[in-house]
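Let me begin by presenting the structure, written as structure tokens, before commenting on it.
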Amino acid sequence: MMTEIISSNDKKAMLRAAELIKRGETVAFPTETVYGLGANAFDEDAVNKIFEAKGRPADNPLIVHIENMNMIGDIAVGIPDDFYTLYEKFMPGPLTIILHRGKKIGDKVTAGLDTVAVRFPRHRTASELIKKSGCPLATPSANLSAHISPTTARHVYDDLNGRIPLIIDGGECSVGIESTVLDLTGEIPLVLRPGAVTLDMLRKVLKEVEQLNKYSPSDTGLFCNKSPGMKYRHYSPNADLYIANDGKDAKFLYDTALKDGKKTVIIAKAANAALYGDRNILTIPDDSKGYAKKIYSLLRLAEQSYGFIVCEKPDLSGSGESVLNRLIKASNK
Ligand code: TXA
Ligand code: MG
């Protein structure tokens, strides 16, 4: 199939995008975190097309995206007070909440689980598409399964050209990494995937909330049970990826790979760029917010020309820890 790219400012084309959703097709669109690939969450055949286009394993559930609270009753049941507290504080925004599944949500979306993930994105184009489509959209990131999430329409095209009918181009995503996933169905609220809404931010509004620390590989088993997606290699470039703690570390990794004859590059924070002499570098903003926004596009750029990527660790303030979480999952360790 031909994949068309339209502008989010083109009102007529936006109506066509909504028509495609109504007809049970998939459409890629921007959110504030990353680009998503959406389909009518109440239509199992449409949802199946998402899995096919991405090559996504059927046991990895999707997030249901909404643009107001009217449909929540069809999507989830037994909604706890904490949800409304979080709604007031963080929605719309980069936070996904796991609730008990409602009756209109089928097995494909949830991969057979009795829970469902719900997110209310902050991006104008996402809201407009959901509203015009008249249904919630089951929407994973719009990349081929296991590849890096897309933060521009071009990234989506590079992965899914010929596999989906339409991509809405709304420019570069502002956050740059996927939403925080918070499970409200267990004994205490639990962060399954860290993101721009950090544990510290959640602690300010919830009485109790925990985050399983996934930095150690021995923790992964715990995550697998809770969030099926966690067991897959994720966010990976088509190249070896190593994380460097500092400039010395980065130089060592780079020089070793170079000796092995590998085409190598360092993703270096701007402040450190001068350290690297004539080595190949791509610069990334020093602050954790800027770093998060650019990391996926730099990894995509790097994988096009290099087989070995050394990435300087982000500053760990704010969403930096969440970015490090993604890098560790993408890396060779
Ligand atoms: O920012 C985002 O969340 C983006 C944009 C497009 O909204 N979406 C996204 O979707 O990152 P995806 O499918 O790439 O990641 C969803 C994660 C997966 O790890 C999945 O396993 C988990 O959420 N998930 C979905 N439903 C779940 C459920 N019922 N219980 C536990 N984890 C769930
Ligand atoms: Mg994804």
Side-chain angles (χ1 to χ4, degrees), residues 26-39 41 47 50-51 53-67 75-76 91-102 105 107-123 125-127 129-130 136-151 155-156 159-160 168 170 173-186 190-197 212 214 220 222-236 292 296 319 322 325-326 329-330:
T26 62
V27 169
F29 62 95
T31 81
E32 73 278 22
T33 56
V34 299
Y35 274 70
L37 181 63
V47 169
I50 294 176
F51 284 90
K54 284 179 57 89
R56 183 177 176 108
D59 65 351
N60 193 2
L62 308 179
I63 300 172
V64 176
H65 290 57
I66 58 174
E67 57 86 29
I75 297 168
M91 288 182 213
L95 176 64
T96 294
I97 298 186
I98 312 286
L99 297 167
H100 296 288
R101 166 182 167 178
I105 295 294
D107 277 335
K108 287 249 156 59
V109 174
T110 65
L113 296 176
D114 54 11
T115 58
V116 62
V118 181
R119 169 157 135 73
F120 188 162
R122 196 171 58 207
H123 200 290
T125 307
S127 304
L129 180 67
I130 300 167
L137 299 181
T139 310
S141 51
N143 49 280
L144 281 174
S145 189
H147 197 209
I148 304 159
S149 291
T151 55
H155 295 160
V156 180
D159 274 21
L160 300 179
I168 304 171
C173 300
S174 58
V175 174
I177 60 163
E178 306 81 355
S179 62
T180 303
V181 177
L182 177 70
D183 185 0
L184 290 187
T185 68
L190 191 64
V191 174
L192 302 181
R193 179 175 74 181
V197 175
L212 292 182
K214 304 174 295 334
T220 2
L222 293 169
F223 266 85
C224 290
N225 299 335
K226 269 292 177 187
S227 189
M230 294 303 184
K231 69 173 176 280
Y232 297 107
R233 190 177 182 216
H234 255 134
Y235 325 111
S236 305
Y296 285 163
S319 54
S322 309
N325 161 278
R326 303 301 194 277
K329 286 186 155 286

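Positions are given from 1 along the sequence. All ligand and atom numbering here is 1-based and tracks the order in the structure. Given the structure is predicted, the values throughout are model-derived calculations rather than measurements.
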So the atoms of ligand 1 within less than 4.0 Å of a heavy atom of Asn60 turn out to be 18 (C), 20 (C), 21 (O)
Can you list the ligand 1 atoms lying under 4.0 Å from a non-hydrogen atom of Ser141? 8 (N), 9 (C), 10 (O), 12 (P), 14 (O)
Polar atom proximity, Glu178 to ligand 1 (N or O, under 3.5 Å): no
Could you tell me whether the Mg ion (ligand 2) has an N, O or S atom of Ser149 under 2.8 Å away? no
Pair Ser179, Thr33: side-chain N/O donor-acceptor within cut-off below 3.5 Å: no
Below 4.0 angstrom from a heavy atom of Thr33, which ligand 1 atoms are there? Numbered from 1 as shown, please. 1 (O), 2 (C), 4 (C), 5 (C)
Here the atoms of ligand 1 under 4.0 Å from any heavy atom belonging to Ser179 are 1 (O), 2 (C), 3 (O)
Going by salt bridge (Lys or Arg N to Asp or Glu O under 4.0 Å), name the pairs with one or both residues in residues 108-120, residues two or more places apart or in two chains. Glu32-Arg119
Polar atom proximity, Thr115 to ligand 1 (N or O, under 3.5 Å): yes
Quick one: look at Arg56 and ligand 1, take heavy-atom pairs under 4.0 Å, and tell me if it's side chain, backbone, both or neither. side chain
Closest to atom 4 (C) of ligand 1 (judged by heavy-atom distance), picking from Asp59, Val34, Val175: Val34
Below 4.0 Å from any atom of ligand 1, is there a heavy atom belonging to Arg101? no
Residues in salt bridge (Lys or Arg N to Asp or Glu O under 4.0 Å) contact with Glu67, at least two apart in sequence or another chain: none
Do Ile66 and Ile130 have side-chain heavy atoms sitting under 4.5 Å apart? no
Closest to atom 16 (C) of ligand 1 (judged by heavy-atom distance), picking from Ile63, Leu37, Ile105, Thr31: Ile63
Partner of Glu178 under salt bridge (Lys or Arg N to Asp or Glu O under 4.0 Å), chosen from Arg326, Lys329, Arg193: Arg326
Donor-acceptor check, side chain of Arg101 to backbone of Leu113, threshold 3.5 angstrom: yes or no? yes
Do any N or O atoms from the side chain of Asp159 and from the backbone of Leu144 form a donor-acceptor pair under 3.5 angstrom? yes
Determine yes or no for a side-chain-to-main-chain donor-acceptor pair under 3.5 angstrom, with Lys54 supplying the side chain and Ala142 the backbone. no
Can you tell me if Leu113 has a non-hydrogen atom under 4.0 Å from ligand 1? yes
